[in-house]
Amino acid sequence: MRSLLVLLAVLLALPAAAQDFLTQGREALARASYQYDADSLLTARGLLSLAATAEGPEADWATYYAALADYRLATVFWASDPERADEHALQGTNAIAELRREDSDDPVLNAEAAAL
């Protein structure tokens, strides 16, 4: 019950905390990418997914970085768990396709999404 209350408090504070989740998620993704560690990548993806639920440009960038985390997770799981690798690759592909459909006002985000 206590964890549910904590989660509810986090979700209520989400709009104000979206930038923090984005920053923490990007930093965690950078560290996890160098470590090539699935658990760390999953943690980073979770933070980025929280940031992506907000509105505005932070959410678009969080979606991009979550897709990047999915692609990195796909490479980590490729040899050990191909089904899980496919799942993450598909999630990343779908997120990028959605970003490209929305066509953000941010030319850097559009370029990064197209490259990914």
Side-chain angles (χ1 to χ4, degrees):
M1 179 68 170
R2 184 171 186 229
S3 60
L4 180 61
L5 292 175
V6 171
L7 178 61
L8 182 59
V10 168
L11 290 175
L12 290 174
L14 191 58
Q19 184 63 42
D20 291 336
F21 287 132
L22 176 59
T23 301
Q24 292 171 9
R26 285 177 49 198
E27 291 170 358
L29 178 59
R31 285 190 306 272
S33 295
Y34 288 115
Q35 296 169 350
Y36 207 68
D37 177 57
D39 290 335
S40 298
L41 284 166
L42 288 168
T43 299
R45 192 191 184 294
L47 288 167
L48 293 163
S49 294
L50 282 173
T53 62
E55 296 291 324
E58 290 86 9
D60 291 342
W61 276 106
T63 299
Y64 164 78
Y65 283 110
L68 180 58
D70 277 320
Y71 283 123
R72 293 200 174 141
L73 281 161
T75 62
V76 167
F77 288 124
W78 193 257
S80 63
D81 192 347
E83 287 181 19
R84 199 164 180 190
D86 288 344
E87 179 182 313
H88 283 289
L90 181 61
Q91 286 176 353
T93 300
N94 290 341
I96 291 299
E98 182 64 31
L99 275 177
R100 299 210 52 215
R101 271 193 299 276
E102 291 176 6
D103 197 28
S104 170
D105 292 336
D106 186 341
V108 175
L109 177 61
N110 290 334
E112 290 291 334
L116 185 58

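Because the structure is predicted, anything quoted here is derived from the model rather than measured.
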Visitor: Quick check on the hydrophobic clustering: are L68 and Y36 connected, directly or via other members, by side-chain heavy-atom contacts under 4.5 Å?
Guide: yes
Visitor: Any idea which heavy atoms bring A62 and L48 closest together, and the distance?
Guide: CB-O, 3.5 Å
Visitor: Is there a side-chain contact between W78 and D86 in this structure, where contact means two heavy atoms from C-beta onward sitting under 4.5 Å apart?
Guide: yes
Visitor: Got a second to check how far L73's CG is from H88's NE2, nearest 0.5 Å?
Guide: 4.5 Å
Visitor: Specify the closest pair of heavy atoms between V76 and A38, including all atoms of both residues, with the distance to one decimal.
Guide: CG1-CB, 3.8 Å
Visitor: Nearest 0.5 Å, please: how far is CG in D20 from CG in L47?
Guide: 10.5 Å
Visitor: As a quick check of understanding, evaluate side-chain contact (heavy atoms from CB on, under 4.5 Å) for E27 and L22, giving each step before the final call.
Guide: CA-CA 9 Å; E27 291 170 358; L22 176 59; over 6 Å; no
Visitor: Report the distance from atom CD of Q24 to atom OG1 of T43, rounding to the nearest 0.5 Å.
Guide: 12.0 Å
Visitor: Specify the closest pair of heavy atoms between G92 and Y71, including all atoms of both residues, with the distance to one decimal.
Guide: C-OH, 3.6 Å
Visitor: Compare all side-chain heavy atoms of Q91 with those of R45 and state whether any distance is below 4.5 angstrom.
Guide: yes
Visitor: Could you report the tightest heavy-atom contact between Y65 and L29, atom names first, then the distance?
Guide: O-CD2, 3.7 Å
Visitor: Does T75 use its side chain to pair, donor to acceptor, with the backbone of R72 at less than 3.5 Å?
Guide: yes
Visitor: Between R101 and E98, does any NZ, NE, NH1 or NH2 come within less than 4.0 Å of an OD or OE carboxylate oxygen?
Guide: yes
Visitor: Mind listing the closest non-hydrogen atom pair of Q35 and S40 along with its distance?
Guide: OE1-OG, 3.4 Å
Visitor: Looking at every non-hydrogen atom in both residues, tell me the closest pair between F21 and A51 and how far apart they are.
Guide: CB-CB, 3.7 Å
Visitor: Any side-chain heavy atom of T53 sitting closer than 4.5 Å to one from S49?
Guide: no
Visitor: Can you tell me how far apart CZ (R31) and CG (D37) are? Round to the nearest 0.5 Å.
Guide: 11.5 Å
Visitor: State the OG1-CD distance between T63 and E58, to the nearest 0.5 angstrom.
Guide: 11.5 Å
Visitor: Report yes if the side chains of L41 and S33 come closer than 4.5 Å at any heavy-atom pair, otherwise no.
Guide: yes
Visitor: Do you reckon V108 sits in the same ILVMFWY cluster as L99, going by side-chain contacts under 4.5 Å, direct or chained?
Guide: yes
Visitor: Report the distance from atom CG of D60 to atom CD of E112, rounding to the nearest 0.5 Å.
Guide: 13.5 Å
